[in-house]
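Before any comments, here is the structure.
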Amino acid sequence: MNPEEKEFLRGCNQFKDYASIDEYIADIRRWLMLSSYHCSGEEAAKLTENPVRKKWIEESFENKEPAADIAADVGYFCG
């Protein structure tokens, strides 16, 4: 993992000033791919598009929960 990727993962430990929920979901997906879960892009998209998880992600976004926290929970279902 390169330094930029490590910095990205660290940065997801705090809620960022996202312009939209789409940016939040993009961070969750990227976190899933870079973290120890090693989800593929397809797996990460599938996990975040699941209707039940998507509603939970939307609520987490509204509550300003860090993307890493949500990704870790979502990633539990990876693979």
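Keep in mind that what you see is a predicted model, and the values were worked out from it rather than measured.
Pairing each heavy atom of Asp27 with each of Tyr18, the nearest pair is OD2-OH, 2.8 Å. When every heavy atom of Gly11 is checked against every heavy atom of Lys16, the shortest pair comes out as O-CE, 3.5 Å. Between Ala68 and Asn13, the shortest heavy-atom contact is CB-OD1, 3.5 Å. Contact record, Cys39 with Ala44: CB-N, 4.2 Å, taken as the closest heavy-atom pair. Minimum interatomic distance between Leu34 and Phe8 (heavy atoms only, all atoms of both residues): CD1-CD2, 3.8 Å.
Contact of the Lys46 side chain with the Arg53 side chain is not registered, since no non-hydrogen atoms from C-beta on lie closer than 4.5 Å. Using a 4.5 Å cut-off on side-chain heavy atoms (C-beta onward), Trp56 and Val74 make contact.
Counting non-hydrogen atoms of other residues, nucleotides and ligands closer than 6.0 Å to CD of Glu42 gives a total of 12 or fewer. Other residues, nucleotides and ligands contribute at most 12 non-hydrogen atoms within 6.0 Å of the CD atom of Gln14.
A continuous path of Ile, Leu, Val, Met, Phe, Trp and Tyr side chains, each step under 4.5 Å between heavy atoms, connects Ile25 with Leu9, placing both in one hydrophobic cluster. Leu47 and Val52 sit in two unconnected hydrophobic clusters of ILVMFWY residues. Membership requires side-chain heavy atoms under 4.5 Å apart, directly or through other members.
To the nearest 0.5 angstrom, Lys64 atom NZ is 11.0 Å from Glu62 atom CD. The CZ atom of Arg30 sits 12.0 Å away from atom OG of Ser35, with the distance rounded to the nearest 0.5 Å. Atom-to-atom distance recorded for Ile70:CD1 and Asn63:CG is 8.5 Å, nearest 0.5 angstrom. Atom CZ of Phe61 and atom CD of Glu23 lie 8.0 Å apart (nearest 0.5 Å). For the atom pair Ser36 OG and Met1 CE, the distance stands at 8.5 Å (nearest 0.5 Å).
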*Stepwise, does the side chain to side chain contact (heavy atoms under 4.5 Å, CB included) test hold for Glu43 with His38?*
CA-CA 9 Å; Glu43 289 172 319; His38 302 293; over 6 Å; no
_The test is side chain to side chain contact (heavy atoms under 4.5 Å, CB included); show your working for Glu59 and Glu65 and say whether it passes._
CA-CA 9 Å; Glu59 290 171 0; Glu65 296 181 37; over 6 Å; no
*asked:* Is there a salt bridge (charged side-chain N to carboxylate O under 4.0 Å, His left out) between Glu58 and Lys55? Walk through the geometry before answering.
replied: CA-CA 5 Å; Glu58 290 168 352; Lys55 181 168 176 46; 6.0 Å; no
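Taking the six-membered ring where the residue is Trp, Tyr37 and Trp31 present tilted rings, their angle falling between 30° and 60°.
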